[in-house]
Undergrad: 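I'd like to ask you about the structure that follows.
Convention: sequence-line order gives letters A, B, ...; per-chain numbering from 1.
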Amino acid sequence: PGDSSVLREAVAVAQHHDAVAGTERQHVADDYARQLAKGWDSCQVLVANALSLLGGTKEPLVFCNGLNISVCPLSETTPHFTVILYNPLAWDVSWPVRLPVRATSYAVTDPQGRPVVPVSGVTRRLWGGAGGAPGELLFQAWAPPLGFSTFEVKQLSPGSTWDTPGWPSGTPWDPPRWPSG
Amino acid sequence: EPEPQIENEHLRVRFDPIMGHLLEIQNLAKGISLPVFQSFYWYNASAGDGLSPQASGAYIFRPDAATPVPVAKRAATHLLKTALVQEVQQNFSQWCSQVLRLRPGQPYLELEWTVGPIPVGDGLGKEVISRFETPLRTAGRFYTDSNGRQVLQRRAHLGTPGAGQSTPGAGQSTPEPRPTLLTPVPPVQDQKVQLTVLTDRSQGGSSLQDGSLELMVHRRLLHDDNRGLAEALDEPGADGRGLVVRGRHLVLLDTVEASPEQHRPRAQEMVTPPTVVLAPGTGPHLRQP
């Protein structure tokens, strides 16, 4: 069972001026972080349950909390996976998805089953992140207001180079016209 | 490239080919271009001195000198251009790097900074800032917003009357909960330009020189400030070598009139970004509710 009250309680506790301003001892700061992390985990179960209900399946759903340091075991090891984007805002969002991957060529299809182009791959530089994957898969995703979109990612041949059509500088990029939310 | 730059349909951003720093931001649609220099510095944290035994600490920002030290004179850079992103990766030092990105359709420049572990082998606590410098004549004033609820005018108080130079210190730093705006103080008629910096978390900030804006991104101190904690603000981080912090600043350049409409939605997207959930294989076939 997912439960958002754990995070609500943790955020309530973190209204203390110490938590806001950082004027607490280290072990107290660590405990604020521990409570928030527990609340975060419990909310992720809630979101996963909601998505499973909407999808009518019991498929495992995975959250990669280390994307900001390019760590995501599922995208790094699985040749075929789905990315679900949930948009909590009241307007369409276009969102750059950047996932650590091992292979060098992927096909991405959008919620209507159409190929998402362009798909870019970049080799991660030394200081790019802590993860082990040598590369990152980039594609532009989008999601309707208070809604979600699913994008399917399939690894093509592992060995070929990135099919990154260069983006001629100065040429306005024509974003895909996606159905408004 | 002799003239390294990144560009999309909204902005063109130029870099210094020798020093690797940000040089200029151009808003192509409005025909605005503003020289913007940005780099990282650190203030030497005071351990108490002849003036006052007060050390810099969790409660007090008290640098040992008014002028911060540059993290590096120049940045080693790598330029990357793909169909989906153009970025300049800057490496200032072993513990300070940044990626500046433009994506198609994105009317702002994203600066993803990574700072830490801050070295303290020299026995000096360090308070790291990211500083933006522009020729905007702002008369020592800048503006901060608090989640779109209240834009306040802030002004560097100049200490003793007549002192032209304002110095950093607790009194100068204001909490920047959200956008920090640098715009000329009306009615400077020839300046209709606003530079807005969106932060992804609360940071201390100030504008100590006309047209400049500095945001404190990380601190590592070695002395307790004698306000009750009885420990220095020195977070060990996951591996005990000192906390590494990564965050983002979004920089928007527009007219004063058009800026609020630009930065408000961006701030909300920063606070409540889309949730990315992954599933193996074709995943659940989700129906739109």
Undergrad: Tell me, for B/R219 versus chain A, whether the close heavy atoms (under 4.5 Å) come from the side chain, the backbone, both or neither.
TA: neither
Undergrad: Rounded to the nearest 0.5 Å, what separation is found between the CD atom of B/E269 and the CG atom of A/N87?
TA: 8.0 Å
Undergrad: Given B/V276 and A/C64, is the side-chain contact (heavy atoms from CB on, under 4.5 Å) satisfied, shown in steps?
TA: CA-CA 8 Å; B/V276 177; A/C64 285; over 6 Å; no
Undergrad: Do other residues, nucleotides or ligands put more than 12 heavy atoms under 6.0 Å from B/R241 CZ?
TA: no
Undergrad: If every non-hydrogen atom of B/V277 is compared with every non-hydrogen atom of A/L51, which pair is closest and at what distance?
TA: CG2-CD1, 3.8 Å
Undergrad: Atom CD of A/Q140 and atom CD of B/Q106: how far apart are they, to the nearest 0.5 Å?
TA: 8.0 Å
Undergrad: Show me, pair by pair, the donor-acceptor contacts under 3.5 angstrom made by side chains of residues 10-23 of chain A, not counting sequence neighbours?
TA:
residue: A/Q15; atom: NE2; partner: A/V11; partner atom: O; Å: 2.7
residue: A/H16; atom: ND1; partner: A/D18; partner atom: N; Å: 2.8
residue: A/D18; atom: OD1; partner: A/T23; partner atom: OG1; Å: 2.5

Undergrad: Quick one: what part of A/P88 sits under 4.5 Å from any heavy atom of chain B, side chain, backbone, both or neither?
TA: side chain
Undergrad: Identify the two heavy atoms, one from A/L85 and one from B/P274, that lie closest to each other, and give their separation to 0.1 Å.
TA: CG-CB, 3.8 Å
Undergrad: Just so I understand: if I count every heavy-atom pair under 4.5 Å between each of B/E235, B/R227, B/R12, B/Q94 and chain A, which residue has the most?
TA: B/E235
Undergrad: Once you round to the nearest 0.5 Å, how far does CG of A/L99 lie from CG of B/L278?
TA: 6.0 Å
Undergrad: For B/K30, does the NZ atom have more than 12 heavy-atom neighbours from other residues, nucleotides or ligands under 6.0 Å away?
TA: yes
Undergrad: Within a radius of less than 6.0 Å around CD of B/E3, do more than 12 heavy atoms belonging to other residues, nucleotides or ligands occur?
TA: yes
Undergrad: Of the backbone (N, CA, C, O) and the side chain (C-beta and beyond), which part of A/E152 lies under 4.5 Å from a heavy atom of chain B, both, or neither?
TA: side chain
Undergrad: What part of A/L89 gets within 4.5 angstrom of chain B, counting heavy atoms only: side chain, backbone, both, or neither?
TA: side chain
Undergrad: Taking NZ, NE, NH1 and NH2 as the nitrogens, is one of them in A/R98 or B/E87 under 4.0 Å from a carboxylate oxygen of the other?
TA: yes
Undergrad: Could you look at A/E24 and say if it's the side chain, the backbone, both or neither that has a heavy atom under 4.5 Å from chain B?
TA: backbone
Undergrad: Looking at every heavy atom in both A/H80 and B/T282, which two are closest together, and how far apart are they?
TA: CE1-CG2, 3.6 Å
Undergrad: Determine the minimum heavy-atom distance between B/Q268 and A/W91, stating which atoms define it.
TA: OE1-CH2, 3.2 Å
Undergrad: If only atom types and distance count, is the side chain of B/R246 paired as donor or acceptor with the main-chain N or O of A/N68 below 3.5 Å?
TA: yes
Undergrad: Among B/P265, B/G281, B/P280, B/G57, which residue has the highest count of heavy-atom pairs closer than 4.5 Å to chain A?
TA: B/G281
Undergrad: Can you list the residues that meet the side chain to side chain donor-acceptor pair (under 3.5 Å) rule with B/R74, with sequence neighbours excluded?
TA: none
